[in-house]
Amino acid sequence: MKGTKFVVVKMRELIKTAVFAVLGIVILVGLVLFFLRMGGQSDSGLYKNGTYEAALPISNTDVAVEVTVKKGKVADVQMRHTSESITVMYPLLEDAVAEVQQQIVQKQSTADITVSEKNTYSAQAVLQAVTQCLEEAKK
C-alpha cells in the first residue's frame, strides 16, 4: 500500500472548471466567426442588393430603366415598360441601353463610359437614369 494515493476532488471545483472551459470555447468560437465575417465583407461591393428603377421621359411617356444589383455589384441594366410605339419611334434607344449595360456591368460605374456616335444622346439619357438608380443603391 505504499504506492497508493487517494485524490479528493470536490464536486464544486469540477463544475467550475467545466463551466469555465465551456465559456472559453464559446468565446473563442465567437471571435473566430467574427473575424471571418469581417474579412468577407470587404469585397461585398459598392451597392445594396436589389432592383432599382428610374424614369426616362420620352415623348410624353416614361420608360423605366431598371438596374439590378447582386452581391453588391451591378448585374444588369434593362428597359422596362416600353410600348411598341417607343420601340418604333426610337430604335436606337434599345441599342443605347445594350451598349451602356455592357460597359456598366464591366466597369461597375457610370464614369468613363464611351458610346458610339450614333447613340450619343440616347446613351446620355440612359446614363442619367442609371446614375439615379446607382445613387439610390449606394451603401
Side-chain angles (χ1 to χ4, degrees):
M1 291 247 203
K2 190 175 175 183
T4 306
K5 294 183 181 178
F6 290 100
V7 177
V8 177
V9 179
K10 294 181 180 178
M11 188 59 121
R12 182 182 292 169
E13 294 299 319
L14 280 175
I15 292 174
K16 280 184 189 178
T17 304
V19 168
F20 285 122
V22 169
L23 282 175
I25 290 172
V26 168
I27 290 172
L28 186 64
V29 168
L31 284 172
V32 168
L33 289 176
F34 173 76
F35 285 114
L36 285 176
R37 286 187 186 148
M38 192 170 86
Q41 290 179 351
S42 64
D43 61 337
S44 64
L46 297 172
Y47 307 109
K48 293 181 280 187
N49 293 339
T51 301
Y52 302 91
E53 196 171 286
L56 178 62
I58 295 179
S59 69
N60 299 330
T61 307
D62 282 343
V63 174
V65 174
E66 186 178 87
V67 177
T68 305
V69 177
K70 292 181 181 175
K71 296 183 181 178
K73 296 182 179 183
V74 178
D76 195 20
V77 176
Q78 294 180 349
M79 262 190 337
R80 294 280 183 212
H81 314 297
T82 55
S83 65
E84 196 171 307
S85 62
I86 295 292
T87 307
V88 170
M89 296 298 290
Y90 301 96
L92 295 179
L93 190 59
E94 288 181 356
D95 294 339
V97 169
E99 194 173 350
V100 167
Q101 184 262 352
Q102 179 185 12
Q103 291 187 38
I104 288 177
V105 169
Q106 181 183 11
K107 295 180 181 180
Q108 295 298 309
S109 171
T110 56
D112 301 324
I113 300 292
T114 57
V115 293
S116 63
E117 290 182 21
K118 69 177 185 174
N119 290 335
T120 303
Y121 298 112
S122 299
Q124 288 302 322
V126 171
L127 276 173
Q128 287 177 350
V130 170
T131 301
Q132 183 180 351
C133 290
L134 292 180
E135 284 296 321
E136 194 178 325
K138 278 189 179 175
K139 287 187 175 181

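What you are looking at is a predicted structure, and each value in this text was computed from that prediction instead of being measured. Here, residue 1 is the first one in the sequence, and each next residue gets the next number.
Looking at D76 and T51, their side chains never come closer than 4.5 Å, going by heavy atoms from C-beta outward. Residues V69 and K48 are not in side-chain contact: their nearest non-hydrogen atoms beyond the backbone lie 4.5 Å or more apart.
The heavy-atom pair separating A75 from Q101 by the smallest distance is O-NE2, 4.3 Å. The minimum heavy-atom distance linking D112 with Q103 is given by the pair O-OE1, 4.5 Å. Here the closest heavy-atom approach between residue A123 and residue A96 is recorded as N-CB, 3.7 Å. The shortest non-hydrogen separation linking Y52 to A137 is CE1-CB, 3.3 Å. Shown here for A129 and A54, the closest heavy-atom pair between the two residues is O-CB, 3.4 Å.
Atom CD1 of I113 and atom CG of L127 lie 6.0 Å apart (nearest 0.5 Å). With values rounded to the nearest 0.5 angstrom, K107 atom NZ is found 10.5 Å from Q102 atom CD. Here the CZ atom belonging to R12 is positioned 12.5 Å from the CG atom belonging to L14, to the nearest 0.5 angstrom. Between the CG atom of L23 and the CG atom of L28 there is a distance of 12.5 Å, given to the nearest 0.5 Å. Here the CD-CG distance, from E53 to D62, works out to 10.0 Å after rounding to the nearest 0.5 Å. To the nearest 0.5 Å, the span separating CD on Q78 from CD on E94 amounts to 11.5 Å.
In terms of the salt bridge (Lys or Arg N to Asp or Glu O under 4.0 Å) criterion, E99 has no residue partners (sequence neighbours excluded).
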Side chain to side chain contact (heavy atoms under 4.5 Å, CB included) between Y47 and K138, worked out: CA-CA 5 Å; Y47 307 109; K138 278 189 179 175; 4.0 Å; yes

Stepwise side chain to side chain contact (heavy atoms under 4.5 Å, CB included) check, Q108 with L46: CA-CA 9 Å; Q108 295 298 309; L46 297 172; 5.6 Å; no

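Cluster annotation: I25 and F34 are assigned to distinct hydrophobic clusters (Ile/Leu/Val/Met/Phe/Trp/Tyr, side-chain heavy-atom contacts under 4.5 Å, transitive). Y121 and V63 fall into different hydrophobic clusters, where Ile, Leu, Val, Met, Phe, Trp and Tyr residues are linked whenever their side-chain heavy atoms come under 4.5 Å apart, directly or through other members. With hydrophobic clusters built from ILVMFWY side chains whose heavy atoms lie under 4.5 angstrom apart, L92 does not share a cluster with Y90.
Of the listed residues (V126, V65, L56), just one forms a side chain to side chain contact (heavy atoms under 4.5 Å, CB included) with V97, and that residue is V126.
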